[in-house]
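Below, chain A is the first sequence line, B the second, and so on; all start at residue 1.
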Amino acid sequence: MPMMDELFTEAQRQLNICNACRYCEGYCAVFPALERRTVLGTGDITQLANLCHDCRACFDACMYAPPHEFAVNPPEILSRVRLAAYGRYASAAHRPAWPHRPAWLHGPAWLHSPAWLHGPAWRHGRGALATAAVGVAAALVALTTLTGGIGALASHRGPYQVIPYPALLVTVLLPSAWSAAVILRGMARYWHDTRGPLGDLADWPALGRALAQAAGLRYLRDSECSYPGADRSPARRRLHAAVFGGFAACTAATLSAAVLQDILGIAPPYPLLSVPVIAGTAGGLAIMAGCAGLTVLKRRDEPPPGAADYGLLIGLGLLALTGMLTLLLRATPAYPVLLVAHVTTIVICFAVAPYTRFVHAGYRFLALVADNVERRRPG
Amino acid sequence: MAPASTGAPLPGGAPWDVAVIGGGNAGLAAALAARRHAGRVLIVERAQPPMRGGNTRHTRNIRCAHRQADGFTTGPYPFAELWRDLCGVGTGPGNERLAELTVRESETVPAWMSAHGVRWQPPLAGTLHLGRTKHFFLGGGKALVNTYHRAAARLGIAVCHGTTIEDLLMTGDQCTGLLTADGVIRARAVVAASGGFEANIGWLRRYWGDAADNYVIRGPQDNDGRVLAALYAHGAARAGEERGFHAVAVDARSPRFDGGIATRLDSIPFGIVVNSAGRRFYDEGEELWPKRYAIWGRNIAEQPSQIAYSIWDAKVARLFLPPMYGPAQAGSITGLAAMLGVGGRAVAETVAGFNAAVRPGGTFDPTRLDDCATAGISPPKSHWAQPIDTPPYYGIAMRPGITFTYLGVAVTPQARVLRTDGTPLRNVFAAGEIMSGNILSTGYLAGFGLTIGTVWGRIAGAEAARRAHDG
């Protein structure tokens with residue numbers, strides 16, 4: 001992939017300057033990791049890119065940032081490497097060449113990267129996404145005929161009175177399984193390219209430290225991120241924590257509902273003061289607040305061309321919003337429609353998750369593990 | 001008047017209480033100190049925001065006396081020791097009274113910096129040998145400049161970017177304003193913190209002749225000494241030596257200006273250095289590198305064509321910071337010499353002679369003054385001498401990289417600029433490199449340029465504010 005090479009060559013050029021300077025070594029994990037390397041291969045650069053949490057502190061500090069002729073901008077180039085890696089690891093191993101590249105696409109070299117053209121689904125396939133959503137919704141509505149049709153439900157009785165349980169289960173499990181497989185394959189590829197043997201993953205102290213760092217957002221805390229502006233602020237850390245915590249709460253809500261239904265035999269709907277409803281409500285609100293806040297931050301940012309993807313934020317926000325509406329209006333005639341909308345959102349979001357920034361969680365975690373392995377075993 | 005941020009000149013209106021020429025460390029310290037006592041303070045910065053800060057952009061640490069380790073240094077560095085170190089470089093301080101004041105005042109500098117938002121790097125992070133004598137601020141000089149600008153903005157200090165001061169308007173011993181291309185900035189007191197003249201090649205040629213054409217200037221091209229020349233024209237007395245400068249060895253492929261830290265080379269103590277005739281000319285292992293790196297700019301400046309070649313072998317290749325552009329690499333010494341453009345036979349003879357002179361039995365240890373030395377050659381290599389015998393061989397052509405010049409204006413202990421007749425200008429003060437010649441003569445002490453800038457910036461700013469009030 002020649003375009004990939006161009007991206008890595010540019011990253012290598014910039015990082016060699018960083019390695020000769022080292023003024024930023026106190027900011028984050030990227031620069032100490034860079035200092036442990038004298039030769040930068042593509043795996044090294046991919047690892048450094050995923051260690052970068054885009055706080056921009058090094059950009060604020062860099063005397064070689066544009067308009068200096070050295071034109072060093074680590075957050076930007078590492079962000080490009082990251083996005084390209086997301087696309088590369090999510091895609092099929094031997095993808096057919098892009099059949100025809102329109103002339104207007106000829107611009108900066110990185111734009112030609114296959115990852116950009118094929119990559120995040122929401123950027124290149126909004127139409128396809130909309131079509132898929134309509135299709136899924138139509139299929140779900142069709143499924144409701146098994147229970148008498150979407151309009152037949154006068155009042156709230158429970159989800160399986162709208163869509164039968166087995167149908168709902170299969171509808172949600174299929175895209176989930178697909179996504180899990182693609183994401184796990186991508187993570188295995190990442191580890192192979194950056195660290196090598198999968199056996200290295202069985203480093204329990206490194207795993208433990210990486211888990212603590214990821215859960216505590218250690219690097220966002222350390223740097224008091226200055227993204228998107230130049231002033232340091234805890235805003236991004238708090239918003240990220242809201243999304244992360246909200247996602248965890250919603251997962252807990254789903255699991256607790258499964259326990260209630262399948263183990264304790266209590267069928268939904270669950271009362272307001274039950275674990276699934278409380279956890280789901282708290283999680284949904286946190287996700288919506290976090291996604292809204294992060295969207296505001298992103299809009300204030302001046303992103304490099306093409307890097308401004310809102311896919312993950314929009315997807316998570318829609319999941320939370322439809323979920324909350326379904327819960328809020330479950331005693332009204334709108335319930336069946338909202339449930340169909342929510343399940344449609346789930347199916348679509350779960351299916352496209354491997355092609356969104358959702359995957360950063362996995363790669364970032366692996367990058368932290370590899371970093372901790374490296375620190376313990378330098379060289 | 002609203003603070004201007006992008007270079008719109010500020011003519012007309014009421015005069016500024018204090019106008020500071022230059023937005024590097026000294027100028028920012030002066031403005032922040034002045035603002036404590038004066039209402040309207042203006043910084044006139046020649047560059048636009050991304051490139052502002054002059055030479056300060058390329059700094060990374062500051063040398064201050066401290067009685068005990070403080071979490072960012074590894075141990076005490078008392079007044080007496082810093083004073084001894086300062087007296088040990090070159091021919092000692094230019095003006096002992098001002099030098100002593102600098103060292104004494106340095107004790108309060110780190111706390112003052114922290115109070116203005118500067119963050120520090122803990123000493124154990126990273127591979128650079130952070131130490132006892134210097135505080136490393138997080139992110140280096142541009143982060144420092146941006147941090148001070150944020151503090152300045154909070155305090156309501158105005159900044160005029162992209163503005164060059166052409167001259168000072170003087171009435172007798174009183175400055176009434178600053179002349180810019182777009183008009184006059186009126187001020188009650190002025191602080192000149194505009195640096196040296198190292199980027200003015202024509203000026204350097206007066207003292208160095210054609211050799212100046214081969215100098216690399218490590219800071220921005222803006223440092224042309226315009227304000228210094230204006231002060232001389234208005235009768236300011238000189239301080240410091242004409243040929244005084246801080247210079248290090250940099251990669252000969254560096255850009256002519258503003259290459260900063262990334263193009264300097266740390267390979268010298270690990271091998272040998274030859275000149276364009278292929279001969280060694282100075283003890284590469286004289287002292288620990290942090291104490292000797294500053295001598296090599298001048299060493300190379302004194303060689304024919306102002307060029308020299310650092311040569312090392314595979315044994316030591318990973319022991320120092322990797323050079324930005326990468327070294328030349330060859331399987332033989334003559335091959336390396338050919339790549340570098342030096343006479344292969346001469347270099348091979350030098351290497352063979354050097355290898356034969358290395359005393360056997362030493363224990364190589366780059367972290368201390370080890371016992372690996374040569375015997376019977378001149379110049380000797382006093383430490384870290386190992387035969388250069390393990391291919392691949394590496395080499396880099398080096399030029400003198402001028403960091404800053406010492407020739408400046410003489411000042412009083414209140415930072416007022418002195419005239420040649422011994423009387424001070426009434427309301428013109430100086431801080432930083434433009435007056436560093438009062439303190440440094442020749443030679444350099446790493447991190448001390450920022451000490452001078454901060455200490456004298458604070459003094460100049462406070463005194464200028466007082467002058468603005470007293471009229």
Test log, rule side chain to side chain contact (heavy atoms under 4.5 Å, CB included), inputs B/I261 and A/M63: CA-CA 10 Å; B/I261 191 74; A/M63 60 285 206; 3.7 Å; yes
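- Nearest approach of B/L321 to A/A20, heavy atoms of both residues: CD1-O, 4.1 Å.
- Side-chain atoms of B/M324 and A/N16, non-hydrogen and from C-beta on, never get closer than 4.5 Å to each other.
- Neither the backbone nor the side chain of B/T56 comes within contact range of chain A, judged by heavy atoms closer than 4.5 Å.
- Contacts of B/F137 with chain A are absent, with no heavy-atom separation under 4.5 Å from either backbone or side chain.
- Heavy atoms closer than 4.5 Å to chain A are found in the side chain of B/R318, but not in its backbone.
- The heavy-atom pair separating B/P255 from A/E69 by the smallest distance is CB-OE2, 3.4 Å.
- Checked by atom type and distance alone, the side chain of B/R57 never pairs as donor or acceptor with a backbone atom of A/C62 at under 3.5 Å.
- Proximity to chain A (any heavy atom under 4.5 Å) is restricted, for B/N146, to the side chain, taken from C-beta onward.
- Only the side chain of A/V39 comes within less than 4.5 Å of a heavy atom in chain B; its backbone stays farther off.
- A distance of 11.0 Å separates OG1 in A/T38 from CZ in B/F320, rounded to the nearest 0.5 Å.
- Counting heavy atoms from C-beta on, the side chains of B/K142 and A/Y64 never come closer than 4.5 Å.
- Between A/R232 and B/R119, some side-chain heavy-atom pair lies under the 4.5 Å cut-off.
- Considering NE2 of A/H68 and CE of B/M51, their distance stands at 5.0 Å, rounded to 0.5 Å.
- Within the 4.5 Å cutoff, no side-chain heavy atoms of A/P66 are placed close to those of B/P50.
- When all heavy atoms are compared, the tightest approach of B/G139 to A/Y27 is CA-OH, 3.3 Å.
- Highest contact tally toward chain A, considering only B/T59, B/T147, B/N61, is held by B/T59 [criterion: heavy-atom pairs under 4.5 Å].
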